[in-house]
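Hydrogens, waters and symmetry mates play no part in the numbers below; they use all other heavy atoms, side chains included. In what follows, chains are A, B, ... by sequence order, proteins preceding strands, each numbered from 1.
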Amino acid sequence: MPELPEVEVVRRGLERWISGRTVAEVQVLHPRAVRRHLGGGEDFAARLKGRRAGVARRRGKYLWLPLEDADESVLAHLGMSGQLLVQPHGAADEKHLRIRVRFNDSIGTELRFVDQRTFGGLSLHETVEGAADGLPAAIAHIARDPLDPAFDEAAFHTALRRRRTTVKRALLDQSLISGVGNIYADEALWRARLHYDRPTATLTRPRSVELLDHVRDVMNAALAVGGTSFDSLYVNVNGESGYFERSLDAYGRENEPCRRCATPMRRRPWMNRSSYFCPRCQRPPRPAAPARPAAPARPAVAPRTAVPLSSS
DNA sequence: CCTAATCCCTGCTTGC
DNA sequence: TGCAAGCAGGGATTAG
């Protein structure tokens, strides 16, 4: 459930408390926490030992620490319930402690990966050649996120128009735009007054730009108060929760009045999860026209030259 | 190529 | 009270 704002809060914590430190010892306490590391837990621990962590980076919901003097980075994903905690050596082990990293300094704290549902994990990957930020090659397919200055708005809109999908599916597709999960998707759609099942091909350029602005706005607002927390699962590196939950307009508000029009909000099962929306502000799209051969505009005169069917 | 469904996992909540 | 089902859901993988 940690989405971009929550992950960015964690990244800032890593940058402040972990970057620049050199690994002394790694304990992998649950194999599933390193399942993306193909060499396994022992290999992960051995290869991390003695390495110095660079500045913590993030793309969407992924975090990584570039390793100095090596074209490798430690990649982290929090999944649904993962936490990266900076704890004093003496602190009692958390119930779901999966990985412990100790450092060769006398600061007195260690990094812990704690994860109840084990959807998250750590792994070591080669970096994309020439990437100054140490982007792990394993996540090169993840799109830039909307807070990235290099995010390509025009390309995003073009992709939306080309896709034969619906707008919420597109927002959650990390290869189109990263960092958006179920919570911020519902929030942005509510702000944009768009129904989750609206086909992306019907979005005009101004409408997709507006939607993107709402995504950024809601994420920045969440970031300003430390992220969203429904329970103690989503915390910063010091174990503290954010305060954005009280500001949510859609997610989790079934039967509560819409903050714009007071109509009771609804929850609909959607892709094995839920979508929250206002039935008045976010009208469902017209039912799809019955499938029939489209009548694309064709030139009145046949092309003079035949078009090859295939170039391969 | 594109899109949709499935699976992984645990703890809390709900219903009978 | 106890048990089972439902729910939370990102993303790799598989299926179509």
Q: Answer yes or no for A:R260 and A:W190: cation-pi contact, defined as NZ/CZ to six-membered ring centre under 6.0 Å and angle to ring axis within 45°.
A: yes
Q: Using the C1' atoms of five pairs at each end, what's the angle between the two axes of the helix from B:dC2-C:dG16 to B:dC16-C:dG2, to 10 degrees?
A: 60°
Q: Please state how far atom CD in A:Q116 lies from atom C1' in B:dC8, giving the value in whole angstrom units.
A: 14 Å
Q: Looking at A:D69 and A:R51, does any basic side-chain N land under 4.0 Å from a carboxylate oxygen?
A: no
Q: Quick check on C:dA8: is either OP1 or OP2 less than 4.0 Å from any side-chain nitrogen or oxygen of A:S274?
A: yes
Q: Is the side chain of A:W64 donor-acceptor paired with the backbone N or O of A:P136 at a distance under 3.5 Å, no angle test?
A: no
Q: What integer distance in Å separates A:K95:NZ from B:dG11:P?
A: 5 Å
Q: Of the nucleotides C:dG10, B:dT3, B:dC9, which has the atom closest to the A:R164 side chain?
A: B:dT3
Q: Can you identify which nucleotide, out of B:dC9, B:dT10, C:dG11, has its nearest atom closest to the A:H96 side chain?
A: B:dT10
Q: Rounding to an integer number of Å, can you tell me how far A:N272 CG sits from B:dC7 P?
A: 10 Å
Q: Ignoring backbone atoms, establish whether A:Y184 has a side-chain N or O less than 4.0 Å from OP1 or OP2 of C:dG10.
A: no
Q: If you count the non-hydrogen atoms of other residues, nucleotides and ligands that lie under 6.0 Å from CD in A:E25, is the total more than 12?
A: yes
Q: Using whole Å, what does the distance between atom P of nucleotide C:dG11 and atom CG of A:L78 come to?
A: 10 Å
Q: Nearest to the side chain of A:R267, which nucleotide is it out of C:dG11, C:dA12, C:dC7?
A: C:dC7
Q: Using OP1 and OP2 only, check whether a side-chain N or O of A:H141 sits under 4.0 Å from C:dG11.
A: no
Q: Expressed as a whole number of angstroms, how long is the span from A:R268:CZ to C:dA8:P?
A: 14 Å
Q: Just compare C:dA12, B:dA5, C:dA8 and give me whichever is closest to any side-chain atom of A:R36.
A: C:dA12
Q: Taking only the side-chain heavy atoms of A:H77 (C-beta and beyond), determine which of C:dG11, B:dT3, C:dA8 contains the nearest atom.
A: C:dG11
Q: What is the distance, to the nearest angstrom, from the CG atom on A:D173 to the C1' atom on B:dA5?
A: 15 Å
Q: Given B:dT3, C:dA12, C:dA8, identify the nucleotide with an atom nearest to the side chain of A:R163.
A: B:dT3
Q: Whole Å only: how far is the CG atom of A:D186 from the P atom of C:dG10?
A: 11 Å
Q: Does the A:R163 side chain pair with the main chain of A:A170, one donor and one acceptor, at a distance under 3.5 Å?
A: no
Q: Taking 4.0 Å as the cut-off, does a side-chain nitrogen or oxygen of A:S81 come that near to OP1 or OP2 on B:dT10?
A: no
Q: Start at the 5' end of DNA chain B and walk down; is the nucleotide closest to A:T166 or to A:R273 reached first?
A: A:T166
Q: Would you mind checking if A:R58 and A:D145 are paired as a salt bridge, meaning a charged N to carboxylate O distance below 4.0 Å?
A: yes
Q: How many whole angstroms separate atom CZ of A:R117 from atom P of C:dG6?
A: 17 Å
Q: Hey, mind stepping through A:K168 and A:M271 against side chain to side chain contact (heavy atoms under 4.5 Å, CB included) and telling me if it holds?
A: CA-CA 10 Å; A:K168 186 169 171 182; A:M271 283 181 69; over 6 Å; no
Q: State which of C:dG10, B:dC2, B:dC9 makes the closest approach to the side chain of A:R32.
A: B:dC9
Q: So does A:R169 reach the base of B:dA4 with its side chain, donor to acceptor, closer than 3.5 Å?
A: no
Q: Just jot down the salt bridge (Lys or Arg N to Asp or Glu O under 4.0 Å) partners of A:R169, sequence neighbours excluded, or say none.
A: none
